[in-house]
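Notes to accompany the following structure.
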Amino acid sequence: MVNFQKIEKKWQDKWEKAKIFQVKEDSKKKKFYVLEMYPYPSSSGLHMGHALNYTIGDVYARFKRMNNYNVLYPMGYDSLGLPAENAAIKNKSHPRIFTEDAIKNFIRQQKELGLSYDWSRMVETHKPDYYKWDQWIFLKMYERGLAYKKKASVNWCGKCNTVLANEQVHDGKCWRHKDVDVEIKQLEQWFFKTTEYADELYEGIEKLKNWNDDVKAMQRNWIGKSYGTIINFKIENKNKVILVDAINAFVIKERGIFKEMHQLLEEFSNKKIILTNANDEEKKKFNLNSMPYEVFTLKHSPDKTNPDYYKQMLKHFCLKAEDVIYFEHNEEAVKSARSTGIETFHYDKDKKDLKSLRKFICTNLHENWPVFTTRPDTIYGVTFMVISAQHQRLNELVKGTKYEKDVNNFLKKIKSTKQEDLDKLEKEGVFIGKYAVNPINNEKIPVYAGNFVLADYGCGMVMAVPAHDQRDFEFAKKYKIPIKIVINPNDYSLSPDKMSRAYTSDGVLVNSGEFNGTNSTDAIEEITKYLEKKNLGKKTVQYKLKDWLISRQRFWGTPIPIIYCAKCGMVPVPEKDLPVKLPDDVKFTSNENPLLNHSSFVNVKCPKCNGKAKRETDTMDTFVNSSWYFLRYCDPKNDKKIFDSKKVSYWMPIDQYIGGREHACMHLIYFRFYTKFLRDIGLIKFDEPTYNLFNQGMLHGEDGTVMSKSAGNGVLPEEVSVKYGIDTARLFLVSMASQDKDVIWSEKGIQGTYKFTNKIVDYFDNVEISKKKNEKLESNLNKTIKEIEEHIEGFKYNLAVIKLRQLFENISKENEANKEMLEDFLKILSPFAPHITEELWEKLGNKEFISTAKWPKYDEKKIKIEFEFEDEFIERIKHDINTVIKLVGKEPSLIKIFVSEPWKYGVYKKLIKTESRDMKTIINDIMVKGHEKEIPRIAQSFIKNPNNFDKVVLDQEKETKILNDNKKELEEYFKAGIEIIKADKSEEGKAKQAYPGKVAILIE
RNA sequence: GCGGGAGUGCCGGAGCGGUCAAACGGGAUAGGUUUAGGCCCUAUUGGCUUAGUGCCUGCGCAGGUUCGAACCCUGUCUCCCGCACCA
């Protein structure tokens, strides 16, 4: 048995000593940056799943390196984060201790996997010389308003004891704790303004050439760009006192516009209303005192035409002119009222000028409440509005109305609903006692608070069109709100009573004023234009993406470099004072952030006024660190700058990034955001960190679940390595399926690979080196080199390994071989099995490392298909002979093989030259009748690729030759004499049956 | 509901317009080797067939395009993954 472990150790040491994987910028050499997502150094160390991940990158890096690229292949650790802190709390220790132990362990294990990292570039994010630059970037963002603090509804995980970013909430649960419901809290938090780049992040997705479609789709989904229209609806929300002439309003109800004014008073009965100009007699007569209105009476000679009348009234009620509106018909009185600054509606007793009345009320009592819609074509069908139950200003609308109680009860009910039930929740709502005005037709529509409207998307309020939106439809049905059809399908008419669901497709507009008859798709454009012209709305784009909440109430993260001064307010830490270091002398007594009580950390002098000040104790999300680590690898030790732009522009962008797709909406968005920001402040010159992203599959344990320590199905590389050697493990891991698929670890499976590696070593130990050329093997080798290149590039290592196996199978049939061929074989095997190939390479007398040897160049001319066919041909002959032997039922002493008339030769060539309607018929014709036919059409592919047909062209001569070449082998195989007979017609007859173009076999 | 992906022997998986369906691995069965077991070697592993580069069936189901489809198109079913009341 081969001592793989000894070989591994030997070469790992040699590589390290010779520093062969360390790289420098070299303008003469083409660079290639291979990067795996760096790991969080968990204390449980590596299992086989990690080994698979890193092997994928390592094979790629080794392959590129041998192909003469200047390969940057670094490794580092995302070493700030909660688990280390939790471990510290548990053990009353410091997270740094845990982290640094874990890193040591990681490095040792990774080195044992034979990974070809440039260790000199290692980055550890918990080191102040790294997070200093996190803080530096923060300051740059702060300067530009991209880092800001605001009070917001945020996600809180009770177990992490900190807030979370939107991206870290999955199905309402914490990303780290699948059993913990995220709470919504109102807190003052730090944000990065990712939305500033929403559009570029969205549009840039298209340019990410070699990213998986699903990851790109996820990002598109997450950023959620949609085009639509903002429309200004109006809701009564200005707290003005309404002054109305009592006599007019209540006495002459039935005349002209007074009826409407009377209704108006009813409607606004929750507001302060003052009836003016009624004397005691009138009060009594109309029973005004029993009404919920205040009545203003002047003791002496009330004269509405005198401005003093209004001044006294305002003074009496302690009101200012701008607090009131007044309705009056007497022209003189209107003038006087207006002269005191009161907004006055001048109505005509006998005319019903509703339009003016509404307009007056709108401008004086209503304010704009914009809504976002993608369907402005349905605006005439709006029959209610729904404001989000979580809307910040809902309270403002409801306060003081008689519906306040209803609304509050409703809100309580929503809050008590669990997150899990929320998904299946029925649409519910409550009328809030307010009406909105549809700007396109001034219709009055009720406003509801609803549980299905998101507060932080669009405007937090929607216009509801029950006829043409399913959610609105359900809501309207439930609360018996009218359904108004404004779009009919092209071939029939809808009717509200008969609808069982909303009609959401295209159609023709009806009940839509001047837009009747317009196609709904066109109407979207036209109505938007109309609204824009009237200043009632505008075209717009909305994003689902929200700003990135980066502050965490935890210790083990990058401190936010901000100081709060009583005098100067919020003051950023000056650049020269960076880094703000995490203190070492902290006590983890509770689940609370120990920075809060660390006085030398918290109590500082204000950088501006030198007065007493306090430091921010929140730290940054760990994803901040990983958003730019790939840049630091380019210049990891720079203590003057974040990095040298020249070095970065040599190495970046990443040529091949490798990592899990689970980061699609987290790290993979953040690192694009950072890249764009750093570009905009002039540090880098590219738009995207990488255009090539490969998402590897996951390794599952033999029980079928994802391999992890907590699942208890982890397989340790150390143990596998002792049993089979790490090269065997690498080969096996990579050969189960293509690298994008999940695979299941199998103890049986690796044993198969173990046989293979052993056979290789064994063969090289015993092979006789000769100068003999073997054309057939050479063809096979060249073909294999070509195929392996393609398979590695395409992350189909499984196929590459198969080709290697097949090649080796062929090579090992001979017990002598020429040196070049053996070397080439080792070279193309070496990315997968670097240790044993180094060892065997050395055995062949090489002084340099195979890891840095040149990848062999294949020669297309040496790839000869006949050889491939030859094997197949011989295999078939063997099979046939075996069948015959079985049938005859005796051991043969002599086997005669008749090679008969060729028929294939030329058939295909002719087909290339002529045109075929039906290949099969023609072939049959030629086969059977032996003649050609005029054929009308060539299948294009025949012309394009005549080589396809040469493969099967074997004539009698060639077949005879092949058989003669293999005569010895056949004789050995069957332990019988072999006679090969090039048959003419007469000899064919000697065989029992002779088919044209086939061999006939006779056993004696 | 929206979006992404996948359905191929007993299993994992190749093939992605014609050479050629099932490479390669695992499993199973039979035989050889062996004192025995393991290792190793050989053969078989959709159906039919007494010598075939044979015939039939067949790549989830149903259609279509094509001289020709596992592969392209349409519909349909099933499964996996992501997002989810996004107005």
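In what follows, every heavy atom counts, from backbone to side chain, and hydrogens, waters and symmetry copies are set aside. Lettering of chains follows the sequences in order, A, B, ..., and the numbering in each one begins at 1.
- Remark: the separation of the C1' atoms in B:G13 and B:A23 is 10 Å, to the nearest Å.
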Classify every nucleotide of nucleotides 7-13 of chain B by which part a protein heavy atom approaches to under 4.0 Å, writing B for the base, S for the sugar-phosphate alone and - for neither, in 5'-to-3' order. -------
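- With a 3.5 Å ceiling on both atom-pair distances, B:G52 lacks any Watson-Crick or G-U wobble partner.
- In this entry B:A70 has no Watson-Crick or G-U wobble partner, no candidate having both defining distances under 3.5 Å.
- With hydrogens and angles ignored, the 3.5 Å screen pairs a side-chain donor or acceptor of A:Asp547 with a backbone N or O of A:Thr195.
- Taking atom CZ of A:Arg661 as the reference point, atom P of B:C80 lies 16 Å away to the nearest angstrom.
- Judged by distance alone, with hydrogens and angles left aside, the side-chain atoms of A:Thr705 form no donor-acceptor pair with the main-chain N or O of A:Gly701 at under 3.5 Å.
- The partner of B:G3 is B:C81, judged by Watson-Crick or G-U wobble contacts that both fall below 3.5 Å.
- When both pairing distances are held under 3.5 Å, B:G9 makes no Watson-Crick or G-U pair with any nucleotide shown.
- The aromatic ring centroids of A:Tyr202 and A:Tyr543 lie 6.0 Å or more from each other.
- A:Gln542 places no side-chain N or O within 3.5 Å of a backbone atom of A:Gly228 that could act as its donor or acceptor partner.
- Using C1' as the reference atom, B:A51 and B:C41 are 27 Å apart when rounded to the nearest Å.
- Screening residues 209-220 of chain A for salt bridge (Lys or Arg N to Asp or Glu O under 4.0 Å) gives A:Asp214-A:Arg661 as the qualifying pairs, with residues at least two apart or on separate chains.
- Because its glycosidic torsion is more than 90° from 0, B:G60 is reported here as anti.
- Listed by residue number, the members of residues 452-473 of chain A with any heavy atom below 4.0 angstrom from RNA chain B are A:Phe452, A:Val453, A:Leu454, A:Tyr457, A:Val462, A:Arg471.
- One P atom belongs to B:A28, the other to B:G37, and the distance between them is 16 Å to the nearest Å.
- By the 30° and 60° cut-offs, the orientation of the rings of A:His667 relative to A:His663 is perpendicular.
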Check the interface with nucleotides 71-74 of chain B: list each N/O to N/O pair with the protein under 3.5 Å, or write none.
none

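- The aromatic ring centres of A:Tyr763 and A:Phe808 sit less than 6.0 Å apart.
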Taking it one step at a time, do A:Glu747 and A:Lys723 satisfy salt bridge (Lys or Arg N to Asp or Glu O under 4.0 Å)? CA-CA 11 Å; A:Glu747 194 66 24; A:Lys723 268 191 187 159; 3.1 Å; yes
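- When both distances must be under 3.5 Å, the Watson-Crick or G-U wobble mate of B:A23 does not exist.
- Base pairing of B:G31: its partner is B:C41, meeting the Watson-Crick or G-U wobble criterion (both donor-acceptor distances under 3.5 Å).
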Contact state string [nucleotides 24-31 of chain B, B base, S sugar-phosphate only, - no protein heavy atom under 4.0 Å]: SSSS----
Would you be so kind as to tabulate the donor-acceptor pairs closer than 3.5 Å made by side chains of residues 456-469 of chain A, with sequence neighbours excluded?
unit_1	atom_1	unit_2	atom_2	d
A:Tyr457	OH	A:Ser226	OG	3.0
A:His468	ND1	A:Tyr503	O	2.8
A:His468	NE2	A:Val486	N	3.1
A:His468	NE2	A:Ile487	N	3.1
A:Asp469	OD1	A:Arg471	N	2.9
A:Asp469	OD1	A:Arg471	NE	3.2
A:Asp469	OD1	A:Asp472	N	3.1
A:Asp469	OD2	A:Arg471	NH2	2.8

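- A distance of about 13 Å separates the C1' atoms of B:C71 and B:U66, rounded to the whole Å.
- For A:Phe384 and A:Phe475, the distance between ring centers is under 6.0 angstrom.
- Across all strands shown, B:C59 forms no Watson-Crick or G-U wobble pair with both key distances under 3.5 Å.
- The nearest whole Å value for the distance from the CG atom in A:Asp762 to the P atom in B:C41 is 12 Å.
- Atom name C1', nucleotides B:C24 and B:G75: the rounded distance is 36 Å, in whole Å.
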